[in-house]
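Here the structure comes first, spelled out in structure tokens, and everything after it is commentary.
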Amino acid sequence: MVAMTELVLANATTVESIRPGLVLVVPLIALGLIFLSKDRPNVREAWSLLAAVSMFAIVASMVPDVLEGTVHQTTIGTFVEGIDLVLRADALGMVFALVSSGLYVLTALYSIGYMRGHHEPFQTRFFAMLCASVGAALGVAFAANIFVLLVFYEVLTLATYPLVAHDESHEARVSGYKYLAYALSGGLAVFGGMLAIFWLAGDITFTRGGIEGLSTIAAEDPWVARAAFALLAGGFAVKAGVMPVHAWLPSAMVAPTPVSGLLHAVAVVKAGAFGVARTVIDVFGPETVAEIGMGVPLAILAGATIVISSLFALRQDNLKARLAYSTIAQLSYIVLGMALLTPMALTGGLLHIPAHAFAKLTLFLCAGALYVQLEVKYISEMPGVAKRMPVTMTAFAVGSLSMAGIPLLAGFVSKWHLLWGGAEAGTLLVPAVLVTSGALNIAYFWPIIYTAFFETADDHGGKPVLDNPFGGRSEKSMAYRADGGHDDHDHDDHGHVELPPSDGWDRPTGRLQETTPFMLVPLMSTMTLVLLFGIAPDHMVFFDLINGIVEASGAEGVIDG
């Protein structure tokens, strides 16, 4: 069955269809309806949920056809000669679109509980921009060429800025400006790369295995091809959080937690990683990337990011900050898979798109539930908290172990393929990086699980995992900001109650009563996806889609060469 799917996807045919375009009309309509319903919260949130379900339904309706070899395409017109405005739902785009639209349904539901539970301001704008952001992400997924992708890539930046700067505080505005500066600079680099590709090949349409003629031109003038690749991959790497262009990502944690989940698991960082995948697979092709020698430097950057950001994660006492540095590391697994260029490595990198999304969104949804229900923001406030929120912390434990690559969980599936991809590439450095990263994941996630389930306030030292330099200061008076910095003030100076309670946490009053169902159902759902993806990955649609993508990419030629 898998072999047949690979053959079908490798020889896909394209048909004109309204569905790729229709999926982007939905958020446009929803934006107007959400703003018109600003004085009626129930109606406003109903429009948000309806838009999310509609977008996912349209995307899902195209999956059977894509698996059978039919690619849906919406042709809008021509921008200039040689550059068409086309949306195309191919297998690679479908992987990103399914993740974005599917998890948006859960995020939209969760946002209702979070925004109401925390009495957040500007809720109408929040729901509108959340919808617009996912719509832009779907535009990125279904772009048929670099130009259309770049347009939606920049729309995604502009749509997510109000979410990052949501509460309009000085810190939020500074973080928002920082995010804009980094993201727009990355977009400018992509624009330069697009011009170079158009100049070299006369075409910027995504083609599985590489744009026609680009390999010949790259052989004749490799330095120009290298520059074009560096601009494209480097520009996309900004949103993917690859070091040293990662600093915007921890700062963006000032945003509400549903936004953090959107940024880190669903849309923004995945758009960057997806752009790198398009560059390797559908612009240059794995064989051409190998010939111009750009896989190795990209792999070095990704490997260094994985290890260094994991070390930074160790020193974060702020829970969302630790998750932010974890995201920087985890996104580079996708980039590493693309850089290694072998079939197994490409498979592992692409599998990590859904695997990371399921686990990381679970972690952020748990962090948001802890904050809304108990005002817990810091790991040093969490001793014994599993007694009060057992389901939430169980989901957090599952997501954390998946991040570490524990078998039978989603993260193991993608990392196992990456491990064998490193073997195919003939290097021992990749297994070393993966093993080191797994150990570091356990080092910064296990203490959270342990303190939540097995410690009390008296047992806990009130400090991050390590002492200086990576562990920060051990005094409980040290308050860590979301950007990884610190303020030398007691938590009480920030308006927090003294946590954890001196007499310990109370158990919830009833079964599954630890928080509102609006928040509990989504985090339990994402936890279930982590388990399903880990136990039966080949029964999930992502596996068949990705097998077909890799089969048609020409990556086998990298090994043969």
Side-chain angles (χ1 to χ4, degrees), residues 99 102-103 106-107 109-110 114 253 257-266 269-270 309-310 313-314 316 318-331 333-334 351-373 376-377 379 382 385-386 389-416 437-453 465 514-515 519-537 540 542:
V99 171
L103 294 184
L106 298 176
T107 304
L109 182 64
Y110 178 92
Y114 183 94
M253 290 300 93
T257 300
V259 177
S260 301
L262 179 79
L263 289 169
H264 289 244
V266 181
V269 294
K270 287 297 190 306
S309 58
S310 297
L314 289 170
Q316 310 305 317
N318 184 293
L319 180 57
K320 285 176 64 177
R322 187 169 294 191
L323 296 180
Y325 280 101
S326 169
T327 295
I328 295 170
Q330 294 288 329
L331 261 293
Y333 281 105
I334 302 172
L351 284 172
H352 204 60
I353 293 176
H356 171 262
F358 299 154
K360 184 50 63 73
L361 187 57
T362 300
L363 296 176
F364 273 109
L365 298 187
C366 292
L370 288 167
Y371 181 51
V372 168
Q373 203 67 31
V376 167
K377 294 174 63 178
I379 299 166
M382 293 178 64
V385 75
M389 302 188 73
V391 176
T392 299
M393 288 311 303
T394 298
F396 190 95
V398 170
S400 298
L401 295 175
S402 177
M403 287 291 171
I406 301 301
L408 300 182
L409 297 175
F412 173 78
V413 176
S414 55
K415 293 180 182 181
W416 176 256
S437 173
L440 290 171
N441 271 263
I442 293 172
Y444 62 72
F445 276 127
W446 173 247
I448 303 174
I449 301 169
Y450 183 83
T451 193
F453 280 94
V465 178
E514 57 196 69
T515 189
M519 302 177 73
L520 200 59
V521 170
L523 68 87
M524 292 175 66
S525 299
T526 54
M527 177 186 69
T528 302
L529 288 171
V530 171
L531 294 169
L532 289 176
F533 198 92
I535 294 170
M540 300 188 79
F542 297 105

TODO: Taking all heavy atoms of F396 and all of C366, pick out the closest pair and write down the distance.
DONE: N-SG, 3.6 Å
TODO: Identify which one of Y333, F533, F358, F412 satisfies the ring pair (Phe, Tyr, Trp, His ring centres under 6.0 Å) criterion when paired with H352.
DONE: Y333
Task: Any donor-acceptor pair under 3.5 Å from T327 side chain to L323 backbone - done: yes
Open item on the list: Distance check, rounded to the nearest 0.5 Å: I334 atom CD1 versus I353 atom CD1?
Closed with: 5.0 Å
Task: Over all atoms of both residues, closest heavy-atom pair of M389 and L370 - done: SD-CD2, 3.6 Å
TODO: Heavy atoms only: give me the nearest S326-M403 pair and the separation to one decimal.
DONE: OG-SD, 4.5 Å
Task: T451 side chain to P447 backbone, donor-acceptor under 3.5 Å - done: no
Task: Check: E514 side chain, T392 main-chain N or O, donor-acceptor pair, under 3.5 Å - done: yes
TODO: Compare every heavy atom of A452 with every heavy atom of M393, then report the nearest pair and how far apart it is.
DONE: CE-CB, 3.6 Å
TODO: Please confirm whether the backbone N or O of P390 pairs with a side-chain atom of T394, one donor and one acceptor, at under 3.5 Å?
DONE: yes
- [ ] Begin from the C-alpha positions of Q330 and N441 and carry the test side-chain contact (heavy atoms from CB on, under 4.5 Å) through to its verdict.
- [x] CA-CA 10 Å; Q330 294 288 329; N441 271 263; 3.1 Å; yes
Open item on the list: How long is the straight-line distance from CD1 of I406 back to CD1 of I442, given to the nearest 0.5 Å?
Closed with: 4.5 Å
- [ ] Please report the closest heavy-atom contact between S437 and S310, naming both atoms and the distance.
- [x] OG-OG, 4.4 Å
Task: Distance in Å, H356 NE2 paired with L361 CG, rounded so as to fall on 0.5 Å steps - done: 10.0 Å
TODO: Mind listing the closest non-hydrogen atom pair of K415 and A404 along with its distance?
DONE: NZ-C, 4.0 Å
Open item on the list: Distance check, rounded to the nearest 0.5 Å: Y450 atom OH versus M382 atom CE?
Closed with: 14.5 Å
Task: Distance, nearest 0.5 Å, that separates OG1 of T107 from OH of Y114 - done: 13.0 Å
Task: Sidechain-backbone polar pair: Y110 side chain, A369 backbone, donor-acceptor under 3.5 Å - done: yes
- [ ] Enter the distance from S400:OG to L409:CG here, rounded to the nearest 0.5 Å.
- [x] 10.5 Å
